[in-house]
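Labels below follow one simple rule: chain letters A, B, ... track the order of the sequence lines, proteins then strands, and each chain is numbered from 1.
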Amino acid sequence: MDAVELYSEQPMKGGFFRMEKKIERQTLILRLDGDLDMKTAGTLRQAIDHEIERRGIRIVVLNMEKVKFIDSSGLGVILGRYKKLLSLGGKVKISNVPPHIYKIMELSGLPRIIRFFSDETAAQADNEEGRGA
Amino acid sequence: MDAVELYSEQPMKGGFFRMEKKIERQTLILRLDGDLDMKTAGTLRQAIDHEIERRGIRIVVLNMEKVKFIDSSGLGVILGRYKKLLSLGGKVKISNVPPHIYKIMELSGLPRIIRFFSDETAAQADNEEGRGA
Amino acid sequence: MKVNQLVLTFSSVAENVGIARMLVASVGAQLDLPLNDIEELKVTVSEAVSNAIIHGYRGESGRLVLLELEINKETLKITVSDEGCGIPDVEQAMQPAFSTDPERMGLGFVFMQSFMDELEVDSTVNQGTTVTMVKYLDRSTASPSH
Amino acid sequence: MKVNQLVLTFSSVAENVGIARMLVASVGAQLDLPLNDIEELKVTVSEAVSNAIIHGYRGESGRLVLLELEINKETLKITVSDEGCGIPDVEQAMQPAFSTDPERMGLGFVFMQSFMDELEVDSTVNQGTTVTMVKYLDRSTASPSH
Ligand SMILES: Nc1ncnc2c1ncn2[C@@H]1O[C@H](COP(=O)(O)OP(=O)(O)O)[C@@H](O)[C@H]1O
Ligand SMILES: Nc1ncnc2c1ncn2[C@@H]1O[C@H](COP(=O)(O)OP(=O)(O)O)[C@@H](O)[C@H]1O
């Protein structure tokens, strides 16, 4: 079979964002999917703040596996939630970050402030250790 | 698991086109992949004309399974190859057309002129029958 | 009331036809239109932009094509313009199967007409052509995206 | 020599940030840039356009943002402009972590600077801001797309 490459282009995605919410033993797990930018960051902020205020959530795990894009608006909301939870004695943890998203997060210095985990289980395990200590 | 739909959008594709070429018993099979428009239609025309002239190909099967987009520039090149082959005693056959591509082809009237087949095998089988008759 | 407006002005090169299609597709997605409508909008824009480049500018690159997308409450207005050779007889040009190029099918205007609710062609020889098209958005019955 | 030029003028609404990113991504794909470079271009455009909407127009919709992409033989030039409030002290604004909005990180210009080879900010208070950025294209060593 003779493959003739003529003109090729990566599939493109526009501004798409959704999330799945899960609450387990006072921990809010959010599985984010899509682009985290000035259009969508507010939705993430509201979702987290809502659970902090209504349910007294203090640990938030952000599963970033399906995040396709992040910029400083998205990073700012994550840092903002980290600060808010810190003042309440809680924390933000991040899991399943794809490599190209990690690069942007690294440039922002976020991994020096917030802990990153390979998956949700690791993030939650660390939670219990933290409480046990 | 609580799914919160916030903002959702279909994945997008830009102008991408490539093809795979296969020659079997005087039949040229082209597996097209991507967008067939004014940018890429010329490449398809050249590929077919080249095989007609250099190898005496008379039957062309266009497998459209992976065609994502077609407009009148793409349809025009297919009709043009049909006419050229007709004058040489040959023909163009089309297989594996996705439904949304078929809709556009139908509007153009092409299915009343060129025969469509569910897959390459059916297209080639008809070929042999045609020759046997 | 104009809700959102995007105008893309671009060089008359074939590479940009795919980009013009992608722009209308992403606006269609933003409007939560069904996939089938988005496909039709892509064909519409592809035809109008191809005409501007192929006929209006006769393939000459380095000229400019304008694609305007205006989202109103109940309509999507698409305008494609060039400052090319113009059309001497618009009525004739819009006839199905009419083409000044023997290699082409003369289906561009047929597709635009089938897929849009309104189509107006304004052309002046040696000054250029503007194709204005409107699609009605039935947003009340729009189904959630998925 | 200007090879290709695309200018997108659009309303200052958040929905359009994703569309602006998609435009630069498809131009990057047209240039056969590596995926990583395309990601960086998307962040760059996202930051500059967000700044125009958030800071320049203070979130006011119905104003216009301009995104210009100019593809030359050896460079991709990206210009983002608004006719908004302008920046009184550009040098200060470009400092890492500086932001006039306590909720924001002050990283927009940092990202633009990291991802582009040249960055110039031209701003006049009450008249607007133009950010001009250049990326060098090393097309001789560009690998075939796949
Ligand atoms: N933008 C344009 N500038 C000049 N002539 C045009 C333009 N658009 C269409 N035409 C004329 O109208 C004819 C019919 O157009 P169309 O229905 O799109 O078919 P086709 O592109 O296949 O010729 C063209 O052949 C051309 O002569
Ligand atoms: N287009 C603009 N119009 C007005 N002010 C701007 C513009 N772009 C940037 N600024 C100013 O420069 C500051 C720094 O911008 P930036 O580095 O992108 O960080 P951030 O957006 O997080 O504030 C902004 O807080 C704002 O005061």
Side-chain angles (χ1 to χ4, degrees), chain A residues 3-18 33-46 48-49 64 67-84 87 97-114, chain D residues 12-55 57 59 65 96-99 101-115 143-146:
Chain A
V4 190
E5 178 87 20
L6 299 169
Y7 176 63
S8 126
E9 196 167 282
Q10 294 303 321
M12 303 296 162
K13 278 227 170 191
F16 157 101
F17 184 68
R18 53 185 257 168
D33 183 359
D35 291 0
L36 208 44
D37 63 5
M38 70 165 280
K39 163 117 183 37
T40 60
T43 318
L44 176 60
R45 187 183 58 236
Q46 283 156 30
I48 298 175
D49 286 359
M64 315 265 295
V67 173
K68 310 295 183 305
F69 177 83
I70 195 163
D71 64 10
S72 75
S73 299
L75 294 167
V77 164
I78 296 177
L79 186 68
R81 289 332 91 198
Y82 165 82
K83 286 183 185 165
K84 181 169 188 164
S87 72
V97 182
H100 72 282
I101 299 294
Y102 188 77
K103 274 193 194 165
I104 307 294
M105 298 185 105
E106 206 175 15
L107 244 175
S108 77
L110 213 68
R112 288 198 302 270
I113 302 170
I114 297 182
Chain D
S12 54
V13 295
E15 281 84 349
N16 291 339
V17 177
I19 292 180
R21 280 201 299 272
M22 208 157 54
L23 185 70
V24 79
S26 54
V27 165
Q30 195 183 88
L31 291 169
D32 268 337
L33 296 182
L35 263 188
N36 186 48
D37 286 16
I38 293 178
E39 283 306 319
E40 294 183 354
L41 289 175
K42 283 169 69 178
V43 176
T44 297
V45 164
S46 204
E47 298 296 344
V49 169
S50 297
N51 278 352
I53 298 175
I54 297 171
H55 302 301
Y57 294 130
V65 180
F98 177 85
S99 178
D101 179 341
E103 290 276 301
R104 296 185 60 80
M105 294 182 86
L107 285 182
F109 283 126
V110 173
F111 282 170
M112 294 181 236
Q113 195 121 45
S114 316
F115 298 144
S143 61
S145 54
H146 24 139

> Relative to chain D, which segment of A:I70 carries a heavy atom at a distance below 4.5 Å: side chain, backbone, both, or neither?
Replying inline: backbone
>> Determine whether a donor-acceptor pair (N or O, by modelled atom type, separation under 3.5 Å) exists between the side chain of A:H100 and the backbone of D:E40.
In response: no
> Any donor and acceptor pair, going by atom type alone, linking the side chain of D:E47 with main-chain N or O of A:S72 inside 3.5 Å?
Replying inline: yes
> Any ion pair linking A:D71 and D:K42 (charged N to carboxylate O, less than 4.0 Å)?
Replying inline: no
>> Which residue in the set D:V17, D:V43, D:V49 passes side-chain contact (heavy atoms from CB on, under 4.5 Å) when paired with A:D37?
In response: D:V17
>> If I measure from the heavy atoms of chain A, does D:S114 come under 4.5 Å with its side chain, its backbone, both, or neither?
In response: side chain
> Tell me, side chain or backbone of A:L79 under 4.5 Å from chain D's heavy atoms, or both, or neither?
Replying inline: side chain
> Heavy-atom distance under 4.5 Å to chain D: side chain of A:L110, backbone, both or neither?
Replying inline: side chain
>> Looking only at heavy atoms and a cut-off of under 4.5 Å, which of A:A41, A:G109, A:S108, A:G80 has the most pairs with chain D?
In response: A:S108
> Just by distance, with hydrogens left out, do A:T40 and A:R18 show a side-chain donor and acceptor under 3.5 Å apart?
Replying inline: no
>> Which atoms of A:K103 are under 4.5 Å from chain D, going by heavy atoms: the side chain, the backbone, both sets, or neither?
In response: side chain
